[in-house]
S.K.: 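Would you mind keeping the following structure in view while I ask a few things?
Position 1 is the first residue of the sequence, and the numbers go up from there. Owing to the predicted nature of the structure, the values given are computational and were not obtained by experimental measurement.
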Amino acid sequence: MSADEISWEESHKNIFGALNAPQIEAVRHVEGPLLVMAGAGSGKTRVLTYRIANLLAHDIAAWKILAITFTNKAAAEMKSRAEKIIGEPAKKVWISTFHSFCARLLRREIEVTGKYNSNYIIYDAGDSRAVLRACIQELGLDEERFSDAAAKISAAKNSLVDAEKFREKVLTASGGVSNFDKNLVNIYSLYTKKLIENNALDFDDLIMVTVKIFREHPEVLERYQDRFQYILIDEYQDTNVAQYELTRLLAAKYKNICVVGDADQSIYGWRGADMSNILNFVNDYPNTKEVILEQNYRSTKQILSAANGVIKNNSGRVEKNLWTENDAGERVQFIHCMSDRSEASFLAKEINRLINNENFSYRDIAILYRTNAHSRIIEEKFMQAEIPYVIVGGLKFYERKEIKDVLAYLRLIVNPHDNMSLTRIINVPRRGFGPINIARLMEFSAKQGISIFETISDEENLRHVPQLSPRIRQRLREFAAMIIAFGELQKNLGLPEFIDAVLDETGYIAMLKEGEDANKPENISRVENIGAFVNGATDFANSTEDATLDNFLNHVALLSDLDQVDEEESRVSMMTVHSAKGLEFPVVFIVGMEEGLLPHANALKEDDQVEEERRICYVAMTRAKKRLYLTAAEERKNFGKVYEQEISQFVKEIPRECIVGFSERNAGAEIPHSLPSSARRTMSGRNFSLPRGVLVETPKTLTPKMPPRPQIDWKIGDQVKHKKWGIGTVTKCEGGYLTISFADPSVGVKVLKSVAAPVEKI
């Protein structure tokens, strides 16, 4: 190391003093591509933050730095940390999510598409589903049959396949085209048409349209390449095709790109994330510097060793040996309960014990499960036990009716062509516009190829709408004039003051406070929620330099579940493992550690899907800092029937020295970890309580098991009949599963568990 380097480093001790050697190596790297493989809890956010500080310390202009992460909350935390380290210059670094970055860019550039203007609005998932339902109804199709249309269209957009390419891809496919696929093409095309008519983008459009602009307008791309010469991407293992291509295009000129991630934590394959993006990074950028972070700062040695023991069973991964200087801690506890109800009872009793005897608080505790359906029975028990809890990913604040109404007003003011927002609030509060009048407006506007607002704001257009009374026409003109006036008023008022004015002038707040239902609890709650909404606008205005109405609407539309977690309120957090990504808790319970739940039944047919399930388990385990509990049930009810459950293979992969297991059936007897689960169930003769009184309460009654289904000797070629899917042929019998090819091409191939397959052998 030269004298100059030593001198420089000495003068920047605040940057390097808090880092370990590999972290320093990653932070010091300035020019050229950098890949940081960061194990769970190894300080990747710290590396990104200090790397930004180091770039600024090298006199690189803040506006040349772009940092992308996956939640607004993580972006805000990163910006806050950078400001504490480096001071004022960090405020000008562009730190955001992929979607927020694209939304901000499109405000400036979207008009080059010739389809949208810069006051576009962003439809959230609920808005998008409403538009899709309208498309399906307009095409005269069965909503239930196309219930997954949203997922299919989202998957196409995340692969950069727009409606036009989708049509071409489907209609030119070999082997013919089913009616289902033809109809899906029409749904996608009509959905796209309606979005453009409303000057609206959905979440997936934000990235797809940005990539399209970059590809078709090289001068725009070069402008942003020169603007952002230093790019940092967090959670790179979770990027999909669209995010990968956006990143590739931006970094193509200068190649000063740093990506941080962990292939072992890639758990979003189901929504298009491609783990190969991080595994192939060195092929995309041949001169890449690679750094591996293996020191874990989060978990105890026992928890970390248990998680390592599970994940090492995956193939095709970058080998890491995570270690920690933290205390050894307690072994992972595996509790084998008799039923799903007794599993919930155990959770309640043990949580109360942790609160009362070990000085943990409710906010220290998380319940993680593979799917949301697992929460119901636990919620019931927690309510009985008076344990406060919050469902992360439940009904979101911004999805409540009154908040959606206020947002609809604000969206319409920004973008009067937004038909969906207009039809939502044109008669809220009531103005005498019944559904028949609104339908007439919609029909006339559609025939003229104009928005509803263009109809009601123009006297000539209004006169030609059939069967509108003079009184209704006058009220429509007054409504249009009010919206236009709001558009001018927003230029002269601060954001929260403007929202207050809208609430007053529209009569919305008076409707809640002064109507005949004003004293009902739900109306009182709605007023309180609107107050909280205005508080949020005030906070946004105080923390943002450019606190315009359209920027605030962008901010609201792009909030995720994790951005709305209240860390101050002391409640047990309940969530899926996917929602827990990026979080950590002193105490974690992972429930439903059974074959068919974790790993999920849908994944058992393919090795690569089982490997993703193992990564999901690994992510769940590494959320825990001090205590980790795994629970499973011998019997679990599903659709009114009771099924015997097998302990998850992932439990059996945990090293013996890291885990201690207890059986409820044998009054808390310790389970020899080396025995197969069938042997554990038949143990007898030992009868002692679980340590510290964690023995669950054995239910007095247990729902009787359904009689076993008759065993069928399945063979390839067997014909079967399914109530909904029709006739099919067995094409594979392996590992307890049947692969069945159904005659209806819209059904295709299904994989079913042979002992529970809902089919009849013909």
S.K.: Any side-chain donor paired with an acceptor under 3.5 Å for E235 and Q237?
M.R.: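 There is such a pair (donor and acceptor under 3.5 Å, judged by atom type) between the side chains of E235 and Q237.
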S.K.: Hey, are N415 and Y116 close enough side-chain-wise for a donor-acceptor pair under 3.5 Å?
M.R.: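 No pair is found: no donor N or O on one side chain lies under 3.5 Å from an acceptor on the other.
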S.K.: In terms of side-chain heavy atoms, does E164 have a donor or acceptor partner in Y188 at a distance below 3.5 Å?
M.R.: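 There is no such pair (donor and acceptor under 3.5 Å, judged by atom type) between the side chains of E164 and Y188.
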S.K.: Take S189 and R167 through the test side chain to side chain donor-acceptor pair (under 3.5 Å) and record every step on the way to the result.
M.R.: CA-CA 8 Å; S189 296; R167 177 181 292 277; 3.1 Å; yes
S.K.: Can you establish whether the number of heavy atoms outside E31 located under 6.0 Å from its atom CD is more than 12?
M.R.: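 Yes.
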S.K.: What's the spacing between L48 CG and E77 CD if we round to 0.5 Å?
M.R.: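 It is 11.0 Å, given to the nearest 0.5 Å.
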S.K.: If you round to the nearest 0.5 Å, how far is NZ of K157 from CG of D202?
M.R.: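 These two atoms lie 3.5 Å from each other.
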S.K.: Using side-chain heavy atoms (C-beta onward) and a distance below 4.5 Å, is V36 in contact with H29?
M.R.: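 Of all side-chain heavy-atom pairs linking H29 with V36, none is under 4.5 Å.
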S.K.: In the structure I gave you, are the side-chain heavy atoms of I425 and F479 within less than 4.5 Å of one another anywhere?
M.R.: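 Counting from C-beta outward, I425 and F479 do come under 4.5 Å.
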S.K.: Under 4.0 Å between a side-chain nitrogen and a carboxylate oxygen: does that hold for R223 and E219?
M.R.: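 Salt bridge: no.
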S.K.: Would you say the rings of F552 and F498 are close, in the sense that their centroids are separated by under 6.0 Å?
M.R.: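 No, they do not, as the ring centres are separated by 6.0 Å or more.
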S.K.: Any salt bridge between D262 and R615, counting N to O under 4.0 Å?
M.R.: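 Looking at D262 and R615, the cut-off is not met.
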S.K.: Measure from NZ or CZ of R424 to the centre of the six-membered ring of Y409, then state whether that distance is under 6.0 Å and the direction lies within 45° of the axis.
M.R.: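 Relative to the ring axis of Y409, which defines the angle, R424 lies outside at least one limit.
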S.K.: How close do M37 and A263 get, heavy atom to heavy atom, and via which atoms?
M.R.: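 Looking at all heavy atoms of both residues, the closest pair is SD-N, 4.3 Å.
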